[in-house]
Amino acid sequence: MVEKVHVRTTLNGEPTEFLVYPYQSLLETLREVIGLTGTKEGCNDGNCGACTVQVDDRIVDSCLVLGVEVEGKKVTTVEGLATPAGLHPLQQAFLEEASLQCGICTPGFLVASKALLDREPKADEHRIRHWLAGNLCRCTGYDKIIRAVQKVGATSKPARATAAQATAKRRPAGARK
Amino acid sequence: MHPFNYVAAKSVDEVTKVLAKHGDRARCLAGGTDLLVQLRAGVYELDAVVDIKTLPAANVLTLNGSLRMGSAVPCHRIYEDKAIAKAFPGIVDGASIVGGIQIQSRAGMGGNLCNSSPSADTVPGLIVHNAECVIAGPKGKRSVAAADFVTGVRRNVLKNGEFLLEVKLPKPDKGFGAAYERFTPRNEMDIAIAGVASSITLGANGKVKDAKIALAAVAPTPVQAKKAEEFLIGKEPTAANIAKASELAREAAKPISDMRGTVEQRKHLVGVLTRRTLTKALERAKEAK
Amino acid sequence: MVATRKPATGRPVNGKHNYKVIGTRPIRHDGLDKVTGRAIYGADIKLPGLAHGAVLRSPHAHAIIKKVDTSRAEKLAGVYAVITGADMPKADNREVDLGEGAANLKWASNNVMADDKVNYRGQPVAAVAAVDQNTALQALGLIKVDYEVLPAVRDVREAMAKGAPVILSGLVGDDLGKKVKNTNMARHFRHEFGNLDEGFKKSKLVVEHEYELATVHQGYIEPHNATAQWTADNRVTVWTSTQGAFAARRQIAGILRLDDSRVKVIPLEIGGGFGGKIPVYGEPVAAVLSRKCARPVKLLMDRKAVFESTGPTPGGTVKVKIGVDAKGKMLAADADIRFESGGYPGSPVGAGAMCVFAAYNIPNTRIDGYDIVTNKPKSAAYRAPGSTHVAFATEGVVDEIAEKLGMDKIDFRMMNSAKEGTRRADGPIFPKIGHEECLAAAKNSPHWKSKLVKNGPNGKKRGRGIASGYWFNIGLKSVVTISVNTDGTAALVEGSTDIGGSRASIAMQAAEVLGIPAEDVRPVVVDTESIGYTDVTGGSRTCYATGYAAYNAAQSVVSILKERAAKLWDIKSNDVDFKDGVFFNKSDAELKLTFKQLAKKLDETGGPVSATGSVDLSAAGGGYGIHIADVEVDPETGKTDVLRYTAIQDVGRAIHPSYVEGQIQGGAVQGIGWALNEEYFMDQQGRMSNSSFLDYRMPTTLDLPMIETIVLEVPNPIHPFGVRGVGETPIAPPVATIANALYDAVGVRFRQAPMKPGRVMEALAGKK
């Protein structure tokens, strides 16, 4: 008999508890159990990156993680990127650079790109392409996605950007170029 | 998916007990990047999954001349460690190309070994580095060479109740160099059509003191190109000798034709990749002298 | 209605323009929701009492269903309903028009749920609704199906071979008007003009080759999804990701044997389609499950099923023969185009025939097209359906002729280019088109003018290729309603689902007419009960036709507002003019009101203002593109890398240039994937072996350079702003472009796609 497991985690900065079957993926947990549908399913086998979320300091395909595995960990999804002060600079850049067409891959690209720039704000085009190779986009040909990440990287502080710095830099939602 | 229970392992005993109790209806979960896909596809029907990421002994990563690598250590921890990258280039080449960044956050060499796929990218590197697999079981620990660990497609030496605890790599000799390369149509996020790891140890006289060549995706298990290795040992590491060894390695490949590539293509690629990895291994060996 | 020349707000259609909104790059209206995860896509819908469904699919490519036993599945705890083909309403054997192609309803019904036979692996044979997804999946495992497996027909050659198994016993083929039975050939048609034999006889050089392309998939990242609720009043509500809510409604109603108005389709955000989300798959199945269990039912397709069961674009063969005189003038051209339709008739071979010689002015032509049934999933539209195939052939032959004549690749194309007045080989006479302008821009482009070093590092070989491509674009029906808010903004209601920024480009056209910023027009995509009939988002018609409807609605709003201003000023509405967002009295320049000022006065001048624009456009105005690629080939492994890529396209008018560029870049990259790696790899039994994103190998970020775009504006004379379609043309040239670049690099002409490493390696080995 398989019963649901009680899991305590920190989701987008807030303590969160939920009950899941041990066989439910983190993706299913986020979408069906918790109700955060911003994280998308594209393949359910780790080959498209649409379900990318951050667990502690690493990005993962949430379809390849069990919900029970995030006990005691910090999970960040696309819903956790913006703050009450405004959008994350990458969200703003994706809007300004027209980096999305259908938008289904966008949450995964944003979470993955943020993780890269948090580590390596000055990542060059090749490094950005290398880092994002696990995220498929079928609409844009990637050009405008890469440019948006480059743009945010170019305007970031050379040192590793802290969360506080990133928040301070954010422009209000809807701000224009 | 068949419903299973989840155990976050706290001790080696706990793991072996759960595995022994459920037999082939339990498996260890390390990165899970193969296991969860296989469970969804119905490859395995399990009653229990034992997470060894919570097991401290499976998470060791210590470099002290030799390298101890717990079976749950993910790829990124290996290639992000500059000292390991320098001392064990043959495994770092493989660890850096398993899946994409998301996969590398989870997948590791322990899982790659235990998944026992012919196309595993990290296993040939372990073989040419003379890695030993430390297996824990109900009767204690035993050791098996990485070269002997995989016995068939999705088959390995693990017996009921046993699991891979860690992989040990001996300190490379002076003058040792290794490299792994695979061929894939895409630059990332792909499965090897063929892969080759090579290592060369240069003697004081500049000749090849030892050589190892291991092939991926060209047989049911990773295979060593022994004739090619034997040919090189004692010879000058010239381009002509490397070319000859590459021809011999090609003959060691016993591939099949499938959607990823044909027999001819795979054999040809083994020749090309052996030459390229031997050449790179030689460069690294010279740097390490 | 046929579109007429109607310049916007008094500005010239041709030449330079001074639009205020058009040509700018505002942030798209739906952008914020899509970067924050708030946007609700098809799979995100939640309803009270929702049941989760799953579909059992045929493991065989071709088989008779002898028996389906669902009794064990029905007994599983948590299962609400199980259905098979026997539960589907018997659909009529008639065709319905879907805007971009037609569908036979019986075949459409069998395609979503087989009754007595499966024609491809992955075809649905049963479905379950249950308390959750995992229970539904487990129930599938308890359904027993007895099949009598038949030999599979895997491609057009096998299908046309003597003694080939006949897939559809009821199919009556049409062979140039003659009825044929016991065949896999659904249709053979011909377009003939001039005197072909004479043309070839006069030719000094004739080149003829056959090209072959593998089946490929659209590869949208969002799998198909459908949620349906069949209520006791015999009404069906469907929430889905679709390219056309009305096209979906018509198919669903047809399959369910209901009047259209009994089905309400609520289109949710859509995660890519490229033509593949015009057909319905799970929608009618979810509806029938819902009727049986009296709950809403949600069906999510998995990736494997997307590959194995939904519309790929056909594989097939294209034979092209072109003759030229000594100076290089094309005298005659002959084409034989054979496309697989998959398990039921209806490949885009007709469109391929329209495109095959559309870039050139050729006096004597003949085009034969064949629609051939095979044991593969029923093909669907994919971005300029058919045009990529024929460009691969025509542009390969053209490249070879130019080389043999010793002529410059662009000069040769220019000399033979189609232009205004040229007759397209299947009949229509071109209005003003931009192929010559594209060629001139290509010749003048930094890429073409740059020098390519032919030897790369480590023995790699480099080459440059160029090719033309064409898509005719379509018009059809759209409705837009605009309502003026008293704060001086406007609400725009449309029926075109927004697949990549069309809310913005349609709102911008309305904003241009109304003289207000793009942000002040708030576009909303609504369901089939909230707007008039609107055709699919496809065929590159949305910005063109729905934009035209928005233009008409906005013009009507302006007319009404003129009356309101006239009322305020106590003059005749004819005496009110409107320019740059300002209403003014023609005879008293002092009397003027901005749109915003006038909007505030609606309540005192007669109440709300709202107007509907409706179009049914028979023509559209074709779009041309020229692509240039530099490739680098590793002769040892056969691997090709794209080093540099430029796409030049005449778009008529770029409403939102960023999304125009994005469409061109995206189309080019899909074409690059098609050229180099993508294919349905079929085993001997007709089963797709590589039905995952891992093995289907779409390009990743790391496989591509930036895609340079050169956007030309040769205004379309039949659109008020000069818009042509944009989205489809860019997928036409890439396969040919890469093939021509490969030839330049390694001296082998590849006539089989994909030009995957193994194939390139073998060709180079054979050359030695």
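Proteins come first, then strands; the chains are lettered A, B, ... in the order of their sequence lines, and each starts at number 1.
- With chain A as partner, the option from C:D302, C:V669, C:D44, C:L702 having the largest number of non-hydrogen pairs under 4.5 angstrom is C:D44.
- No side-chain heavy atom of A:E96 sits less than 4.5 Å from a side-chain heavy atom of C:R25.
- Side-chain atoms of A:Y142 come within 3.5 Å of backbone atoms of C:P699 as a donor-acceptor pair (strictly under, hydrogens ignored).
- The closest side-chain heavy-atom distance from A:D143 to C:E708 is not below 4.5 Å.
- Per-residue counts of heavy-atom pairs under 4.5 Å with chain C were compared for A:G141, A:P107, A:C105, A:C102; the largest is that of A:C102.
- A salt bridge is defined here as a Lys NZ or Arg NE, NH1 or NH2 lying under 4.0 Å from an Asp or Glu carboxylate O, and A:R147 with C:E661 fails to meet this definition.
- Of the listed residues (A:I128, A:I145, A:L132), the greatest number of heavy-atom pairs within a distance under 4.5 Å of chain C belongs to A:L132.
- Atom OG1 of C:T701 sits about 9.0 Å away from atom NE2 of A:H130, to the nearest 0.5 Å.
- For a heavy-atom cut-off of 4.5 Å, chain C lies close to A:Y23, A:R31, A:E32 in residues 12-33 of chain A.
- Among the candidates C:I270, C:I672, C:I664, the residue making the largest number of heavy-atom pairs closer than 4.5 Å to chain A is C:I270.
- For chain C, the nearby parts of A:L136 are the backbone and the side chain; heavy atoms of each come within less than 4.5 Å.
- Contact annotation for A:T106: only side-chain heavy atoms (C-beta onward) come within less than 4.5 Å of a heavy atom of chain C.
- In terms of heavy-atom pairs under 4.5 Å with chain C, the best-connected choice from A:L100, A:I146, A:N135 is A:L100.
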For the pair C:F274 and A:C139, evaluate side-chain contact (heavy atoms from CB on, under 4.5 Å) and give the outcome as yes or no after the intermediate values. CA-CA 9 Å; C:F274 315 107; A:C139 292; 3.7 Å; yes

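- The stretch residues 36-50 of chain A places A:T37, A:G38, A:K40, A:E41, A:G42, A:C43, A:D45, A:N47, A:C48, A:A50 near chain C, each with some heavy atom under 4.5 Å from a heavy atom of that chain.
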Please step through side-chain contact (heavy atoms from CB on, under 4.5 Å) for the pair C:V35 and A:H88, ending with a clear verdict. CA-CA 10 Å; C:V35 297; A:H88 186 278; over 6 Å; no

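- With chain A as partner, the option from C:G31, C:G272, C:G662, C:A39 having the largest number of non-hydrogen pairs under 4.5 angstrom is C:G662.
- With chain C as the partner, the residue from A:R138, A:H126, A:R129 showing the most heavy-atom pairs under 4.5 Å is A:R138.
- Contact annotation for C:I221: both backbone and side-chain heavy atoms come within less than 4.5 Å of a heavy atom of chain A.
- Highest contact tally toward chain A, considering only C:T36, C:D30, C:L300, C:D33, is held by C:T36 [criterion: heavy-atom pairs under 4.5 Å].
- The CD1 atom of C:I707 sits 10.0 Å away from atom OG1 of A:T140, with the distance rounded to the nearest 0.5 Å.
- For C:H52, the part sitting under 4.5 Å from any heavy atom of chain A is the side chain, from C-beta outward, and nothing else.
- With values rounded to the nearest 0.5 angstrom, C:R28 atom CZ is found 8.5 Å from A:L95 atom CG.
- For the set C:Q218, C:R38, C:Q133, C:K304, the count of heavy-atom pairs under 4.5 angstrom toward chain A peaks at C:Q218.
- Between chain A and the residues C:G501, C:G219, C:A668, the largest count of heavy-atom pairs under 4.5 Å involves C:G219.
- At least one side-chain heavy atom of A:Q92 sits under 4.5 Å from a side-chain heavy atom of C:I27.
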